[in-house]
Amino acid sequence: MRFVLNWLLTSIAISIAAFIVPGIEPFGMVEPWMSFAFTGLFLGFVNALIKPFVTVISLPVTILTLGIFQLVVNSLMLELASWLSVNLLGAGISITGFGAAFLGAIVVSIMCALLGVATKGAQ
């Protein structure tokens, strides 16, 4: 049940990022909410399986930049999730460049945190 809630919250955060950040748009021959759901699903998998390894490998750079490099890692994970959803399922989000991915990752991180706090209060 927790996985489904995280998936839903991540999908909502991605849809908000697509609304706010120019350069992030739904892609594919499906409804936009399905594009956000597919990308949210893959972002959950990427964050669970790949992000820990990338975080450990980039730890020296993250320490040198006082944690700012973690935003770059989040951007790369969002781009990877977008690429996987579009290429494996044919629908997802289209990200025009690294700048859009960077801003989108910031928005998704903030919205996931806010939505997570809101749902913990409701439980």
Worksheet item: Quick one: do Phe19 and Ile24 end up in the same hydrophobic cluster if we chain Ile, Leu, Val, Met, Phe, Trp and Tyr together by side-chain heavy atoms under 4.5 Å apart?
Response: yes
Fill in: OG1 on Thr10 to CG on Leu5, rounded to 0.5 Å
9.0 Å
Discussion item. So, taking the atom named CG in Leu80 and the one named CG in Leu43, what distance separates them when rounded to the nearest 0.5 Å?
Written reply: 9.0 Å
Item to complete: Please list, chain by chain and in numerical order, all residues satisfying side-chain contact (heavy atoms from CB on, under 4.5 Å) with Leu88, sequence neighbours excluded.
Response: Phe42, Leu84
Worksheet item: Under the 3.5 angstrom rule, does the side chain of Thr39 hit a backbone N or O of Ser82 as a donor-acceptor pair?
Response: no
Discussion item. Between Leu76 and Phe69, is there shared hydrophobic-cluster membership here, with clusters defined by ILVMFWY side-chain heavy atoms closer than 4.5 Å?
Written reply: yes
Worksheet item: CD of Gln70 to OG1 of Thr65: how many Å apart, nearest 0.5 Å?
Response: 9.0 Å
Item to complete: Using the test side-chain contact (heavy atoms from CB on, under 4.5 Å), find all partners of Phe53 that sit at least two apart in sequence or belong to another chain.
Response: none
Discussion item. Please check: side-chain N/O of Trp7 versus main-chain N/O of Ala37, any donor-acceptor pairing under 3.5 Å?
Written reply: yes
Worksheet entry | Transitive ILVMFWY cluster of Val86, excluding itself - 4.5 Å side-chain cut-off | Phe27
Worksheet item: Listed by chain and number, what are the side-chain contact (heavy atoms from CB on, under 4.5 Å) partners of Ser75, not counting sequence neighbours?
Response: Phe98, Ala101, Phe102, Ala105
Fill in: ILVMFWY cluster, Ile93 and Ile106 together (side-chain gap under 4.5 Å)
yes
Worksheet entry | side-chain contact (heavy atoms from CB on, under 4.5 Å) partners of Ile20, counting only residues at least two apart | Ile16, Val107
Worksheet item: Say you draw a straight line from CD1 of Ile12 to CG of Leu115; how long is it, rounded to the nearest 0.5 Å?
Response: 6.0 Å
Item to complete: Any chance you could pull the hydrophobic cluster mates of Ile63, using side-chain heavy atoms under 4.5 angstrom and chaining through other members?
Response: Leu59
Worksheet item: Any chain of hydrophobic side-chain contacts (each under 4.5 Å) joining Leu8 to Phe3?
Response: no
Discussion item. Let me confirm one number: the NZ-OG distance from Lys51 to Ser58, rounded to the nearest 0.5 Å.
Written reply: 10.0 Å
Fill in: From Asn74 atom CG to Asn47 atom CG, the distance as rounded to the nearest 0.5 Å
7.0 Å
